[in-house]
Amino acid sequence: MKILVTGGTGFIGSHTCVELIESGHEVVIVDNLYNSSIEVLDNIEAISGVKPKFYKVDILDRPSLEEVFKENDFDAIIHFAGYKAVGESVSIPLTYYQNNISGSLNIYELMQKYHVDNIVFSSSATVYGDNFEVPFKEEYGQGDTTNPYGTTKKFNEIILTDFARANKDISVVNLRYFNPIGAHPSGLLGEDPEGTPNNLVPYIAKVATGELDHLRVFGDDYDTPDGTGVRDYIHVVDLAKAHLKAVEYATSHKGAEVINVGSGKGYSVLEVLKAYEAACGKKLPYKIYPRREGDIAVCYADTTKAKELLGFEVFRGIEDMCRDSYNYMIRHKK
Ligand code: WQD
């Protein structure tokens, strides 16, 4: 298949491109390089043997985006491109709605115009909000999101579901990711955000390399075994493989589906820290801080549907995630 990957040089996008290429698919990337770099293309080539065709195009630039659709006859789209910082989305909501909603609508309208029938959308477990009991099941629907980033994910799922409902040829898979971490085992692809990371593992990684002094543990008084927040971490390579299965599912089914992609297991902040200490072979300092606003105590997936519909299961555990993250960090330490 010829697959358009928007945001294909990003963290999850780049790993997905590798999996798609290694399974014999042709990949075309559209990315504005806002939060990624052009060298990712060489690293995808170093791993997979193929350098994907690349367009430096912003999804808000409709004319340039249309040129991409004119020049290529796509079988499917995997849509990752979007802003993803929760805190930032609270400060600049309109920028998030403009990019993640208007930009996505450009993709969907061009899909319709150029008869591309299949799409996999990069959604998030954040759409469950804090309304439901764990494990989160797809049948719960959507909860009350607590920030504009989450709301853009929620709206995109709704838009795509309506789109599929109105067009019998359209197939949509909304993948709800839990907490993707880790890196490619080659050390060539991974996640190293600019500035101070918001997410747990990128933060711990910078404590491990000495760039940050200690981990701030946000709350130790949750109703969890050790009092710290529990999340469902999934290795980015497993997550990438889920996209391969989802895009293959989309092309052989019609209608819209929502599917969780997680491991189904929860680890606390202190358990993740311990696993990272084992991976890097040293003690990592931490201090307890107040709870972070908007955080829930426990979040993990019911993975039944992913297994039933996609035949998807995770193969990599927390040790693999921490080892691969650290391996990437030490290779990229400036
Ligand atoms: C995990 C746990 C924190 C940082 C977010 C988004 C979600 C998503 C993935 C994105 C929590 C604790 C964290 C730190 C800490 N999608 N923590 N110290 O909040 O589950 O999910 O990222 O694209 O939409 O909301 O992930 O990694 O930020 O936090 O103690 O410095 O680690 O309180 O319990 P979260 P996270």
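In each ligand, atom 1 is the first atom listed, and ligand 1 is the first ligand listed. Reckoned from all heavy atoms, side chains included, excluding hydrogens, waters and symmetry mates. Residue indices begin at 1 and follow the sequence shown.
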Study note, to complete from the structure: atom 11 (C) of ligand 1 sits nearest the protein heavy atom R231 NH2, 3.7 Å

Point to revise | Option with minimal heavy-atom separation from atom 16 (N) of ligand 1, where the choices are Y149, Y177, F11 | key: Y149

Review point. Within the structure, does L200 bring an N/O atom to less than 3.5 angstrom of an N/O atom in ligand 1?
Key: yes

Check your understanding: Is it true that a side-chain atom of K282 and a backbone atom of A208 form a donor plus acceptor pair closer than 3.5 Å?
Key -> yes

Review point. Is the closest basic N to carboxylate O distance between R316 and D238 below 4.0 Å?
Key: yes

Exercise for review: Fit a plane to each ring of Y140 and Y128, take the angle between them on a 0 to 90° scale, and name the class: parallel (under 30°), tilted (30 to 60°) or perpendicular (over 60°).
Suggested key: perpendicular

Exercise for review: Could you tell me whether R231 sits above the aromatic face of Y300, with NZ or CZ closer than 6.0 angstrom to the six-membered ring centre and within 45 degrees of the axis?
Suggested key: no

Review point. Which ligand 1 atoms, with their elements, are less than 4.0 angstrom from a heavy-atom of D295?
Key: 3 (C), 19 (O), 33 (O)

Exercise for review: Considering the heavy atoms of V217, write down every atom of ligand 1 situated less than 4.0 Å from one of them.
Suggested key: 30 (O)

Review point. Is any side-chain N of the basic residue among E67 and K70 closer than 4.0 Å to the acidic one's carboxylate O?
Key: yes

Review point. For R292 and ligand 1, does the shortest N/O to N/O distance drop below 3.5 Å?
Key: yes

Practice item. Please indicate whether any nitrogen or oxygen in V230 is less than 3.5 Å from any nitrogen or oxygen in ligand 1. Key: no

**Study point:** Location of contacts on R216 toward ligand 1, heavy atoms closer than 4.0 Å
**Key:** backbone

Exercise for review: Provide, to 0.1 Å, the distance between atom 14 (C) of ligand 1 and the closest protein heavy atom, together with that atom's residue and name.
Suggested key: F218 CE1, 3.3 Å

Point to revise | Charged N-O contact under 4.0 Å between K2 and D73 | key: no

**Study point:** Heavy atom of Y233, distance to ligand 1 below 4.0 Å
**Key:** yes

Practice item. Specify side chain, backbone, both or neither for N179, according to which of its non-hydrogen atoms lie closer than 4.0 Å to ligand 1. Key: side chain

Study note, to complete from the structure: The answer for which part of V269 has a heavy atom under 4.0 Å from ligand 1 is side chain

Study note, to complete from the structure: Minimal heavy-atom distance between A76 and T251, with the atoms involved, is CB-CG2, 4.5 Å

Review point. Among protein heavy atoms, which sits nearest to atom 36 (P) of ligand 1, and what does the distance come to when rounded to 0.1 Å?
Key: N199 ND2, 3.5 Å

Revision key, fill the gap. Counting heavy atoms under 4.0 Å, the part of T126 that contacts ligand 1 is side chain

Practice item. Heavy-atom contacts with N198 under 4.0 Å: which atoms of ligand 1 show up? List them by number with element. Key: 4 (C), 28 (O)

Review point. Within the side chain of N167, is there an N or O that forms a donor-acceptor pair under 3.5 Å with the backbone of I170?
Key: no

Review point. Can you tell which of D58, I38, V40 makes a side chain to side chain contact (heavy atoms under 4.5 Å, CB included) with L33?
Key: I38

Practice item. Do me a favour and list the nearest non-hydrogen protein atom to atom 8 (C) of ligand 1 with residue, atom name and distance? Key: S124 OG, 4.4 Å

Practice item. Within a distance under 4.0 Å of any heavy atom of V86, pick out the atoms of ligand 1 and give their elements. Key: 6 (C), 25 (O)

Review point. Which of parallel (below 30°), tilted (30 to 60°) and perpendicular (above 60°) describes F121 and H79?
Key: tilted

Study note, to complete from the structure: In this structure, NZ of K53 is separated from CG of N72 (nearest 0.5 Å) by 4.0 Å

